[in-house]
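Just so you know, residue 1 is the first one in the sequence shown, and it goes up from there. Indexing begins at 1, ligand by ligand and atom by atom, following the structure's order.
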Amino acid sequence: MNTGQAQPHQGVIARYRAVMDLPQHAIPVTLLEGNTPLIPVPQLAQAIGAQCDLFVKFEGMNPTGSFKDRGMTAAISEALGRGAGAVVCASTGNTAASAAAYAARAGMRCLVIIPSGKVAAGKLAGAVAHGAQVIQIDGSFDDALDLVVRISQRHPIALVNSLNPYRLEGQKTAAFEIIDELGSAPDWLCLPVGNAGNITSYWLGFTQANARDGSGLPRILGVQASGSAPLVLGHPVENPETVATAIRIGKPARAEEALQAAEQSQGRIIAVSDDDILAMQKLLARSGIWVEPASATGLAGLAHELKHRRVDIRGQRVVAVCTGHGLKDPDIITRSFPTPTSIPASMDAIEALLRADSF
Ligand SMILES: *Cc1c(COP(=O)(O)O)cnc(C)c1O
């Protein structure tokens with residue numbers, strides 16, 4: 001009899017260590033990340049004219065609200081096992097919150113360097129809550145990344161940006177989960193691209209699984225914001241601009257790998273406007289899935305390609321990765337909202353409003 005009891009989830013290292021390239025000395029530090037839902041979104045598919053089986057891999061359901069936790073469990077586990085007492089990262093926000101949480105869990109110190117004024121409030125609050133030392137620099141994410149690389153070279157502090165190879169080893173587990181759930185790889189995978197660690201990780205995961213058990217390979221649609229699209233333009237962007245702050249990166253660390261993943265998978269990397277991103281964020285929210293702007297970018301790219309008839313996905317299986325939770329960046333929603341109507345606390349007043357067609 002099925003008692004309805006599932007195997008308890010123990011985090012991505014416990015589940016996938018055999019297929020992760022993690023050194024022996026790594027001591028697992030976990031917050032039970034991963035195992036995120038793969039949500040079918042048929043209405044949303046219809047709304048964008050996608051006659052396919054469309055799924056959202058909702059990575060906002062990780063412990064600190066973004067996919068960064070998958071890579072962070074691996075990076076921190078390795079750093080702890082090697083005896084590092086402190087970690088450092090540059091961040092547009094989510095990496096900081098994740099590094100701070102896992103460092104706290106491991107009893108390590110955490111230093112994060114963020115670009116000034118461009119980090120969503122919910123992300124910064126996370127890093128502070130977990131006890132990280134947060135330093136804001138008068139510069140871009142790319143400047144912050146240059147600095148932390150140099151800090152880690154001069155001091156006994158482990159670098160946990162996605163230049164750290166163990167981050168990719170952790171992040172690739174999302175590809176394994178998708179295959180485990182669907183039975184094989186989807187036809188297409190759409191996702192946002194910022195520093196390009198995630199697209200690199202997914203491709204690593206899918207190619208590794210396919211070599212092992214023939215689970216197939218998706219075509220990859222990587223999507224950047226048009227004000228911050230170095231991989232589409234073919235050169236770094238000096239002053240990247242976009243509402244999607246998590247992908248506001250002008251010089252991706254994994255640029256080469258990202259271009260290769262797109263090419264080898266017979267996919268591509270495109271850019272969409274901030275308006276397209278915000279429209280998709282809204283459409284997703286109206287389907288019950290609230291993500292931060294960057295996280296809507298992959299699907300916005302799919303909608304864009306469908307609209308311009310550059311992709312034929314009829315009857316196929318498509319997975320869109322939604323990388324982080326909407327609660328991280330509530331400002332972007334409330335800013336464009338009228339303040340709620342204020343009325344007396346009476347039934348009459350409420351019913352008067354209900355009679356008006358504002359409801
Ligand atoms: C980090 C991040 C991205 C970009 O991922 P890269 O690996 O830098 O390409 C996208 N969305 C969210 C929510 C993120 O936190």
Side chain, backbone, both or neither: the part of [X] lying under 4.0 Å from ligand 1 by heavy atom:
X    : result
K68  : side chain
T297 : neither
A196 : backbone
E292 : side chain

Would you say [X] has any N or O atom under 3.5 Å from an N or O of ligand 1, going by distance alone?
X    : result
Q171 : no
G197 : yes
N195 : yes
T323 : yes

[X] heavy atoms, cut-off 4.0 Å: which ligand 1 atoms fall inside?
X    : answer
F67  : 1 (C), 2 (C), 3 (C), 5 (O), 7 (O), 14 (C)
S295 : 13 (C)
G194 : 4 (C), 6 (P), 8 (O), 9 (O)
G324 : 13 (C)
V193 : 9 (O)

query = Ring centres of H130 and Y102 under 6.0 Å apart?
reply = no

query = Taking atom CZ of R150 as the centre, does the number of heavy atoms from other residues, nucleotides or ligands within less than 6.0 Å exceed 12?
reply = no

So, for [X] and [Y], which heavy atoms are closest and what is the spacing to 0.1 Å?
X    : Y    : answer
R248 : E241 : NH2-OE2, 3.1 Å
S162 : N195 : OG-ND2, 4.0 Å
Q316 : C52  : O-CB, 3.2 Å
E169 : D21  : OE1-N, 2.6 Å
D274 : A225 : OD1-CB, 4.1 Å

query = S162: heavy atom below 4.0 Å from ligand 1, yes or no?
reply = no

ask   = Is R212 positioned over the aromatic face of F176, cation under 6.0 angstrom from the ring centre and no more than 45 degrees off axis?
value = yes

request  = Distance to 0.1 Å, residue and atom name: give those for the protein heavy atom nearest to atom 7 (O) of ligand 1.
outcome  = N198 N, 2.8 Å

task = Considering heavy atoms of the protein only, find what lies nearest to atom 4 (C) of ligand 1 and give residue, atom and distance to 0.1 Å.
result = I247 CG2, 3.7 Å

request  = Give the C-alpha distance, both sets of side-chain angles, the deciding distance and a yes or no for salt bridge (Lys or Arg N to Asp or Glu O under 4.0 Å) between D180 and R15.
outcome  = CA-CA 12 Å; D180 286 348; R15 184 166 172 190; 3.4 Å; yes

inquiry  = Determine whether a donor-acceptor pair (N or O, by modelled atom type, separation under 3.5 Å) exists between the side chain of S265 and the backbone of I220.
reply    = yes

